[in-house]
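Comments concern the structure below.
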Amino acid sequence: KTVNDVLAPDQAAIAMEALREAGREGIADGRCICISLPNGETRWFELSVAKRSSAGSTTTLLALSRDITERKRAEEATNSIRTQLLSVLQTMPDMVWVKNMDGVYLLCNHAFEQLTGKAESEVVGKTDFDLFAPERARYFRDTDKEAAETGGILVGEEWVVSEENGQSVLLETRKVPVMDAGGEIVGVLGVARDVTELNVSRQKIHQMAFYDPLTSLPNRALFNDRLRQMITSAGSLGRRAGVMLIDIDHFKAVNDTMGHPVGDDLLCQAGGRLNASVRGYDTVARLGGDEFAILLPDISQGDDLGRIAN
């Protein structure tokens with residue numbers, strides 16, 4: 001029987017191409033065919049064909065087939081998992097990318113495409129210097145090297161400009177080295193999350209925790225913290241420091257006769273004037289009500305406080 005009699009048409013075409021190549025080149029290998037056995041099972045075979053020397057004009061070919069079904073199934077399972085992982089990467093809101101040790105991009109997901117304003121096909125094969133400003137690209141390259149050298153997860157925050165809308169976004173970036181089967185570092189995997197809104201929330205929480213909502217001056221908690229720091233610093237350096245406590249006379253009468261909005265405005269003006277009257281490294285705080293306090297580190301002479309008060 002001929003090859004076409006034994007194999008299905010599509011598989012016979014693959015086998016015949018291997019035979020023709022061996023006839024021309026003397027050898028052909030690497031082609032795989034799928035055969036359905038009589039029991040209904042499907043097996044994969046890898047063909048190796050060699051041209052044999054023979055008398056006369058007749059060409060003889062020797063074909064060997066190796067059952068690679070298990071390897072093929074493992075490859076299909078790996079490819080299926082890879083496809084699933086890539087699908088997950090494309091739907092993730094976080095930016096994901098992989099670079100080799102030369103800083104060349106090997107893959108990226110849709111979120112990264114939105115950041116750079118370029119499709120994956122335009123990113124793969126390029127470096128940061130092709131995609132970002134030189135200063136930013138050097139920073140990315142340095143952190144890639146640091147992640148590879150440390151051998152662990154490198155976490156940092158960095159501001160970048162989104163090409164999608166032109167706005168600055170704060171990214172929390174995690175970079176980890178990628179290793180091959182032999183344990184050698186061959187690249188860097190990066191995952192970045194937009195934490196711009198989270199950063200705004202952090203600032204609001206910090207503002208609420210340590211600053212007076214009416215005057216925007218440091219509140220009692222921040223005053224106490226800076227007071228402890230000032231005392232420690234003055235003691236260790238052998239310097240003088242001062243504290244001034246100030247309140248507004250007859251403030252209750254202002255509130256009672258003119259109303260709380262006028263009283264609030266008075267407190268804001270008082271806080272602003274006090275803040276404008278001291279040095280840049282001094283602290284003016286509102287302790288509550290009409291009570292203010294001023295921290296004055298690095299006082300040269302004992303009567304400096306009197307002069308400042310006047």
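Side chains included, hydrogens not; waters and symmetry mates left out as well; all remaining heavy atoms used.
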Of all pairs that satisfy salt bridge (Lys or Arg N to Asp or Glu O under 4.0 Å), the ones with a partner from residues 245-273, not counting sequence neighbours: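 For residues 245-273: Lys252-Asp256.
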When you look at Leu64 and Leu47, which way does the side chain to side chain contact (heavy atoms under 4.5 Å, CB included) test go after all the steps? CA-CA 6 Å; Leu64 300 177; Leu47 298 178; over 6 Å; no
Please say whether the positively charged group of Arg220, taken as NZ for Lys or CZ for Arg, lies over the ring of Phe223, i.e. under 6.0 angstrom from the six-membered ring centre and within 45 degrees of the axis. no
Step by step, would you call Leu274 with Leu217 a side chain to side chain contact (heavy atoms under 4.5 Å, CB included)? CA-CA 10 Å; Leu274 290 173; Leu217 294 174; over 6 Å; no
Please say whether more than 12 non-hydrogen atoms of neighbouring residues, nucleotides or ligands are located less than 6.0 Å from [atom1] in [X].
X: Arg31; atom1: CZ; value: yes
X: Arg193; atom1: CZ; value: no
X: Met258; atom1: CE; value: no

Report the residues that fulfil ring-ring contact (aromatic ring centres under 6.0 Å, His included) with Phe210, sequence neighbours left out, ordered by chain and then residue number. His206
So does [Y] get a backbone contact from the side chain of [X], meaning a donor-acceptor N/O pair under 3.5 Å?
X: Asn39; Y: Glu41; value: yes
X: Ser233; Y: Met230; value: no
X: Lys145; Y: Arg141; value: no
X: Asn219; Y: Leu222; value: yes
X: Ser65; Y: Phe45; value: no
X: Arg240; Y: Pro297; value: no
X: Gln11; Y: Cys34; value: yes

Glu17/Arg20 salt bridge by N-O under 4.0 Å criterion: yes
Glu76 with Arg73: basic N within carboxylate O range, under 4.0 Å: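 Looking at Arg73 together with Glu76, the answer is no, because their closest N to O distance does not fall below 4.0 Å.
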Thr215 and Arg286: side-chain donor and acceptor closer than 3.5 Å? no
Who pairs with Val96 by side-chain contact (heavy atoms from CB on, under 4.5 Å), at least two apart in sequence or on another chain? Leu89, Met92, Asn109, Leu189, Val191
Do Val188 and Val98 come within less than 4.5 Å of each other through their side chains, counting heavy atoms only? no
Centroid separation under 6.0 Å, is that true for the rings of Tyr105 and Phe112? yes
Under the criterion side chain to side chain donor-acceptor pair (under 3.5 Å), I'd like the reasoning laid out for Asn4 against Thr2: C-alpha separation, chi angles, the key distance, then a yes or no. CA-CA 5 Å; Asn4 289 316; Thr2 67; 4.9 Å; no
May I have the step-by-step check of side chain to side chain contact (heavy atoms under 4.5 Å, CB included) for Lys175 and Ile153, ending in yes or no? CA-CA 6 Å; Lys175 294 183 177 180; Ile153 300 176; over 6 Å; no
